[in-house]
There are 2 protein chains.
Amino acid sequence: MAAATAGACSKGCSKRWREGMSGPAPIVCDACPVADRAVCSALSPEDRGELARIGHHRRYARGETIVAAGDSATVCATLTRGAAKMSSIDRDGTERIVALVHPAGMLGQLFAPTATLHVTALTECEACLFPAAHVAALSDKRPALARRLLAEVSRELDESRALIDLISKRQAKGRVAALILAFARAASPAPCHDAETFDLPLTRGEMAQLLGITIETVSRTLTALEDAGIIARQGSHGIAILDRDALDDLASA
Amino acid sequence: MAAATAGACSKGCSKRWREGMSGPAPIVCDACPVADRAVCSALSPEDRGELARIGHHRRYARGETIVAAGDSATVCATLTRGAAKMSSIDRDGTERIVALVHPAGMLGQLFAPTATLHVTALTECEACLFPAAHVAALSDKRPALARRLLAEVSRELDESRALIDLISKRQAKGRVAALILAFARAASPAPCHDAETFDLPLTRGEMAQLLGITIETVSRTLTALEDAGIIARQGSHGIAILDRDALDDLASA
DNA sequence: CGTTACATTGATCTCTCTCAAAATTCGTGG
DNA sequence: CCACGAATTTTGAGAGAGATCAATGTAACG
């Protein structure tokens, strides 16, 4: 299933694995936290039931590979809980994060004959997986689904362009500030206002890749933001926003 | 129609305007250079004919605004000739290019109720414009079109991610090299191999915005590439690739 | 309790930005 | 067709931000 290099998890997942990371399980839409937002919401209950029988639900540990670049059996998945990253690997082995996926987002590339991107769990997370071919076939019969898929990919495109915005900030402070705000938005249950306290589910290395700066600069910048009283930190990943306006200013610079 | 600031063209287009930049004209698919590649190729001749009657064809001068951010009557357009850029404008007036569009590509945002991005002609170019609502309605009736639209947006997404790749290179040389290669690819009529000599239809300023570096650095980098015998220049926009391997090396760094 | 991975901090160097001026290109008008 | 003027591009010198190299600190796991 996974590509050769993707099996090893360097982040100490083995314990959690043994603790009972669940394998493939049936899909129960009634309990789905994103039933109203995800792509499947475009389907009638009957159609959704049919799709639910074809696909399955899985839980992933942090660091686990969800889709490996090179996989030929393309899946179309919806993230129901947690966060994931999509990344490409250069010939020289450098990883490059090209997208972050939050709950209700789609994982995988619906159209590529083989996946060109790795999809990796950033936190413990859950997803519903479907064979891409089935989804494509169903969308031919259900215009509402086709339209919803189109809207979802368009949304991903907008997000991708927002990411471009993020990393084309000139200064490191601006990039880090924008990243913090992006996660504040994603971490909030309500779309209208952001979370004030949340976890950045990225290592410093991942943040550095994403922002196009070095690990050291990320670290120094976070320290500077904390010293300036703009954020507070709890452990290495916990963030509390103390001065939202200052963060906005930095992010738009 | 256009936003306040978008009307002025600082690039001396007035003459070409007067020379007879054509206004809206009927669509003639027989003469279309991208009839086999564009989204409309998914339609039957009859459906395409119907769409052609609804939409119209226009030519744009370099620097002209095709879609202005804020436009509420959303159009769905196909670029048939030339090159265009999509960009957002920050609150502080900084332009940020988030996508380049080449022939057969789609312009505009099919789903946004109002456009969030400016679309501007980079070269003299031509496009077929359709009301987005009509295209969306037709795609509900024609699964083939819906699928083709989905594929197109997915392709745009891939391109957007490629752009992220481009601007997350650490060094300016790598970014410029990658940009040159991207245009070499786009300028070539054959998909299998790139053009060796072509025009970069961007000003230094546009390249700088795109790459997240300054005009001066772009200029210096091009000079350095020329001094190193990797490229040759003809005028300020003509590029000839002399050492493809060296360029590849720089671009992947 | 030691090992490993991750994060922070420090010192130095390189690259890019900034400010400034010269050179070139291109459109315009004579 | 040539000459002028505006915009763009190139080049230079100096300053600043981030990269790099290196070491210390901290947390998680076996």
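Given the structure is predicted, the values throughout are model-derived calculations rather than measurements.
Where the helix from dC1(C)-dG30(D) to dT16(C)-dA15(D) starts and where it ends, the local axes point in directions that differ by 20°; five pairs per end, rounded to 10°.
The side chain of Thr217(A) has dA19(D) as its nearest neighbour among dT10(D), dA19(D), dA7(C). Checking dT9(C), dG18(D), dT10(D) against every side-chain atom of Ser219(A), the shortest atom distance belongs to dT9(C). Here the side chain of Thr214(A) is nearest to one of dT9(D), dT20(D), dA7(C), namely dT20(D).
Within the 6.0 Å centre-distance limit, the rings of Phe183(B) and His102(B) are counted as a close aromatic pair.
At dA7(C), one or more side-chain N or O atoms of His237(A) fall inside 4.0 Å of OP1 or OP2 (strictly under the cut-off).
Backbone-only contact: Arg233(B) has heavy atoms under 4.0 Å from sugar-phosphate atoms and none from a base. Heavy atoms of Ile213(B) sit under 4.0 angstrom from primed sugar atoms or phosphate atoms, though from no base atom.
Between Arg204(A) and Ser219(A), the side chains place no donor N or O within less than 3.5 Å of an acceptor N or O (distance only, hydrogens not considered).
In this structure a side-chain-to-backbone donor-acceptor pair under 3.5 Å is present from Thr74(A) to Ala112(A). In terms of modelled atom types and a separation under 3.5 Å, the side chain of Thr120(B) and the main chain of Gly63(B) share no donor-acceptor contact. No donor-acceptor pair under 3.5 Å is formed between the side chain of Thr65(B) and the backbone N or O of Ala68(B).
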**Worked check of salt bridge (charged side-chain N to carboxylate O under 4.0 Å, His left out) between Arg220(B) and Glu216(B)** = CA-CA 6 Å; Arg220(B) 275 187 252 269; Glu216(B) 294 94 325; 5.6 Å; no
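The CD atom of Gln171(B) sits 15 Å away from the C1' atom of dC17(C) (whole-angstrom rounding). As rounded to whole Å, 12 Å separates atom P of dT9(D) from atom CD1 of Ile239(B). A straight line from CZ of Arg170(B) to P of dA17(D) spans 18 Å, rounded to a whole angstrom. With rounding to whole Å, Leu222(A) atom CG is found 14 Å from dT9(C) atom C1'. As a whole-Å value, the separation of Arg204(B) CZ from dC26(C) C1' is 14 Å. Separating the CD atom of Glu206(A) from the P atom of dA5(C) is a distance of 15 Å, rounded to the nearest angstrom. A straight line from NZ of Lys173(B) to P of dA19(D) spans 18 Å, rounded to a whole angstrom. Rounded to an integer number of Å, the gap from Arg175(A) CZ to dA17(D) P is 14 Å.
Position along DNA chain C of the nearest nucleotide to Gly212(B) versus Ile215(A) favours Ile215(A) as the more 5'-ward residue.
The nearest pair of heavy atoms linking Gly108(A) to Val119(A) is N-CG2, 4.3 Å.
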Atom pairs under 3.5 Å, N or O on each side, protein against nucleotides 19-25 of chain C: can you list them with distances?
from    : atom 1 : to        : atom 2 : distance (Å)
dC19(C) : N4     : Glu216(B) : OE2    : 3.0

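With a 4.5 Å cut-off on side-chain heavy atoms, Leu79(A) and Cys125(A) count as touching. Residues Lys169(A) and Leu211(A) have side chains not in contact (no heavy-atom distance under 4.5 Å, counting atoms from C-beta outward).
Geometrically, Arg58(A) engages Tyr60(A) in a cation-pi contact defined by less than 6.0 Å to the ring centre and at most 45° from the axis.
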